Student: 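I'd like to ask some things about the structure below.
For clarity, every value in this text was computed on a predicted model and none was experimentally measured.
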Amino acid sequence: MQVQKVRYITDINKLPMLSETEKAKLKPITDKFVFRANDYYLSLINWEDPADPLRKLILPGEGELKEYGRWDASDEDSNYVVPGCQHKYGTTALLIVSEVCGAYCRYCFRKRLFRNDVKEATSDVTPGLEYIAAHPEINNVLLTGGDSLILSTPKLRSIIERLRAIEHVRIIRLGSKIPVFNPMRIYEDVALLDMIRTYSTEEKRIYIMAHINHPREITAQAAKAFAALHQAGAILVNQTPVLRGINDDPAVLGELLDRLSWAGVTPYYFFVNRPIAGNREFVLPLSRVYRIVEQAKARTSGLGKRVRLSMSHSSGKIEILAIEQGKAYLKYHQSRDQKYGKFMMLDCPEEAEWFDDLPGNEKYWRKPVKSSSPDSPAGDKPPEAVGAT
């Protein structure tokens with residue numbers, strides 16, 4: 001079957017929906033942070049509304065030029081064991097297989113990948129596969145980037161075939177926003193669905209780790225893509241950060257939880273937005289994120305309430321159990337230093353936005369040692385110091 005092609009756009013000047021004044025205003029941002037979208041997703045935007053959440057998700061904003069954060073706020077640089085492969089937690093490895101997405105979300109925590117001077121993804125996954133094969137504790141592997149489903153089906157199949165040849169790898173995860181960025185790529189690609197059907201078995205599943213940020217992304221086409229993936233034997237879960245101006249509303253998040261549950265997509269994580277360079281305008285105080293999430297969960301069933309609120313910190317995934325009366329009650333849901341389940345109670349100032357902002361946090365973790373040179377683009381340098389393009 002011929003796959004319907006969406007048209008990808010990388011030049012903001014080719015968007016007829018924007019005035020010449022708007023295009024000129026956005027040029028300094030696109031000179032620094034690249035732009036990419038497609039005609040399907042652009043058609044979902046209400047262009048009469050400058051505050052439209054889907055517009056904010058993929059269209060550059062002037063706030064991206066504000067001095068803020070780091071390129072690599074979770075110190076992913078320290079997780080690389082071989083080129084293109086990260087191993088932070090014992091049973092899980094990441095293969096960075098692409099630097100391209102269906103569109104570039106403006107809040108992306110790997111914004112550093114979308115610069116011309118960065119090369120973290122690799123077309124040759126052999127070193128990563130050899131590392132995984134030599135480490136029997138790794139029972140699940142995440143293909144990410146970028147977007148794993150942006151790869152051609154033959155390329156993706158070749159990687160998955162080689163992973164399936166490693167006996168101890170039970171789960172393969174595909175990190176992707178393609179089910180809502182370009183759902184036709186999924187339900188019209190018979191070869192992709194056949195590949196999933198072949199390699200997602202009763203004992204060794206393929207999971208789709210979807211990135212759905214707003215209920216309006218769940219269109220009829222997206223629902224058709226979900227159904228096709230389910231029928232092929234994949235299991236779908238969803239994760240999204242809570243983002244200022246996009247989904248920071250209990251009604252919106254509550255609707256998202258409901259619609260995901262109705263479609264058979266497990267609500268997996270709500271994340272606190274990481275302090276990444278260019279992300280200032282998406283960030284919310286921790287206490288506000290917690291309140292929004294709890295109010296959203298109050299609107300949904302127990303199926304929606306399965307979602308966890310977490311920070312993907314350098315030291316691990318830190319679950320926010322509660323924030324009450326100026327105190328944050330936290331637990332390590334994953335830990336770099338094997339502190340899984342460690343409970344923490346810390347003061348939580350109203351303005352705190354990240355674990356590092358909580359007084360006394362330094363008692364519970366140590367900063368990881370970087371695996372590359374100080375000049376690594378994934379390192380700690382502020383954006384103005386690394387010559388972003």
Side-chain angles (χ1 to χ4, degrees), residues 6-69 71 98-116 145-147 150 176-185 210-219 221-222 239-249 252-253 256 271 273-284 383 388-389:
V6 301
R7 185 169 65 95
Y8 283 97
I9 301 150
T10 57
D11 183 352
I12 204 90
N13 291 313
K14 293 183 179 177
L15 294 184
M17 312 85 161
L18 298 179
S19 68
E20 293 305 312
T21 301
E22 288 174 307
K23 292 173 185 175
K25 191 181 293 185
L26 295 178
K27 186 177 185 306
I29 303 114
T30 55
D31 284 347
K32 186 169 189 175
F33 297 116
V34 295
F35 165 77
R36 178 178 163 92
N38 65 55
D39 51 4
Y40 165 77
Y41 197 83
L42 291 168
S43 74
L44 306 183
I45 295 171
N46 175 8
W47 293 97
E48 302 300 315
D49 180 8
D52 181 86
L54 304 193
R55 174 179 177 142
K56 286 186 172 185
L57 269 168
I58 63 165
L59 232 66
E62 292 178 90
E64 294 180 57
L65 297 181
K66 291 182 179 177
E67 188 172 336
Y68 175 74
W71 284 120
S98 173
E99 291 171 351
V100 181
C101 289
Y104 290 143
C105 299
R106 308 316 298 183
Y107 66 83
C108 183
F109 73 90
R110 289 200 183 116
K111 229 170 184 172
R112 65 186 188 273
L113 297 187
F114 311 136
R115 292 163 37 205
N116 293 334
D147 195 307
I150 208 76
S176 184
K177 197 175 168 74
I178 289 295
V180 294
F181 267 159
N182 180 6
M184 293 74 69
R185 182 268 181 275
H211 300 260
I212 305 165
N213 308 121
H214 194 280
R216 271 180 42 209
E217 295 180 307
I218 305 177
T219 62
Q221 293 97 322
Q239 50 199 9
T240 176
V242 181
L243 301 157
R244 184 191 295 274
I246 292 175
N247 58 18
D248 58 333
D249 180 330
V252 170
L253 281 188
L256 179 62
F271 283 117
N273 198 11
R274 307 184 203 193
I276 296 293
N279 277 13
R280 172 71 269 175
E281 295 206 342
F282 296 117
V283 175
L284 295 156
T389 57

Student: For the atom pair CG (N38) and CD1 (I9), what is the distance rounded to the nearest 0.5 Å?
Tutor: 7.5 Å
Student: Where the side chain of N279 meets the backbone of Y107, is there a donor-acceptor pair that is under 3.5 Å apart?
Tutor: yes
Student: Would you verify whether the NZ or CZ of K66 falls within 45 degrees of the ring axis of Y68 while also being under 6.0 Å from that six-membered ring's centre?
Tutor: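 Geometry flag: not set, cation outside 6.0 Å or 45°.
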Student: Under a 4.5 Å cut-off applied to non-hydrogen side-chain atoms, are I150 and N182 in contact?
Tutor: no
Student: Of the non-hydrogen atoms in Y40 and P183, which two are nearest, and what is the gap between them?
Tutor: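 Closest heavy-atom pair between Y40 and P183: CE2-CD, 3.4 Å.
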Student: Are the side chain of K111 and the backbone N or O of W71 linked by a donor-acceptor pair below 3.5 Å?
Tutor: no
Student: Checking side chain to side chain contact (heavy atoms under 4.5 Å, CB included) for the pair V100/R36: CA distance, chi angles, key distance, verdict?
Tutor: CA-CA 9 Å; V100 181; R36 178 178 163 92; 3.6 Å; yes
Student: With rounding to the nearest 0.5 Å, note down the distance linking CG in N247 to CG in L253.
Tutor: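 Rounded to the nearest 0.5 Å, the CG-CG separation comes out at 4.5 Å.
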Student: Side chain of D39, backbone of R7: donor and acceptor closer than 3.5 Å?
Tutor: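 It does hold such a pair.
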Student: Looking only at non-hydrogen atoms, find the nearest pair between S176 and P179 and report the distance.
Tutor: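 Looking at all heavy atoms of both residues, the shortest contact is OG-CD, 3.5 Å.
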Student: How long is the span from the CZ atom in R280 to the CG atom in N273, to the nearest 0.5 Å?
Tutor: 9.5 Å
Student: Looking at every heavy atom in both L42 and I58, which two are closest together, and how far apart are they?
Tutor: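 Residues L42 and I58, closest heavy atoms: CD2-CD1, 3.8 Å.
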Student: Find out whether D52 and L59 are in side-chain contact, i.e. whether some heavy atom of one side chain is under 4.5 Å from a heavy atom of the other.
Tutor: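 Of all side-chain heavy-atom pairs linking L59 with D52, none is under 4.5 Å.
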Student: Do R55 and D49 have side chains that approach each other closer than 4.5 Å (heavy atoms only, starting at C-beta)?
Tutor: no
Student: Backbone N or O of V283 within a donor-acceptor pair of the R244 side chain at under 3.5 Å?
Tutor: yes
Student: Looking only at heavy atoms, which two atoms of N46 and R216 are closest? And how far apart?
Tutor: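 Here N46 and R216 meet closest at N-NH2, 3.9 Å.
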Student: With the side chain counted from C-beta on, respond yes when I12 and I29 share a heavy-atom pair under 4.5 Å apart, and no when they do not.
Tutor: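 No, side chains not in contact.
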Student: Starting at SG of C105, measure out to CG of L57 and round the result to the nearest 0.5 Å.
Tutor: 6.0 Å
Student: Output yes when E217 and K177 qualify as a salt bridge under the 4.0 Å nitrogen-oxygen rule, no when they do not.
Tutor: yes
Student: I need the minimum non-hydrogen distance between A37 and A103, along with the two atoms involved.
Tutor: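 Between these two residues, the closest heavy atoms are CA-CB, 3.8 Å.
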Student: Side chains of V180 and L44: does their closest heavy-atom pair fall under 4.5 Å?
Tutor: no
Student: What I want to find out is whether K25 reaches E22 closely enough, with some N-O distance under 4.0 Å, to be called a salt bridge.
Tutor: no
Student: For I178 and G102, which heavy atoms make the closest approach, and how far apart are they?
Tutor: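 Between these two residues, the closest heavy atoms are CD1-CA, 4.1 Å.
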Student: How many angstroms lie between atom OG1 of T10 and atom CZ of F35, to the nearest 0.5 angstrom?
Tutor: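 That separation rounds to 8.5 Å.
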Student: Do the side chains of L256 and I218 get nearer than 4.5 Å, heavy atoms only?
Tutor: yes
Student: Distance check, rounded to the nearest 0.5 Å: F271 atom CZ versus F109 atom CZ?
Tutor: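 Atom-to-atom, F271:CZ and F109:CZ are 7.5 Å apart.
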Student: Do the side chains of I276 and F282 get nearer than 4.5 Å, heavy atoms only?
Tutor: no
Student: Keeping the roles fixed (side chain from R110, backbone from G145), state whether a donor-acceptor pair exists under 3.5 Å.
Tutor: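 Side chain of R110 to backbone of G145: a pair is present.
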Student: Side chains of K56 and R106, heavy atoms from C-beta outward: is any pair under 4.5 Å?
Tutor: no
Student: Are side-chain N/O atoms of N213 and T240 paired as donor and acceptor at under 3.5 Å?
Tutor: yes
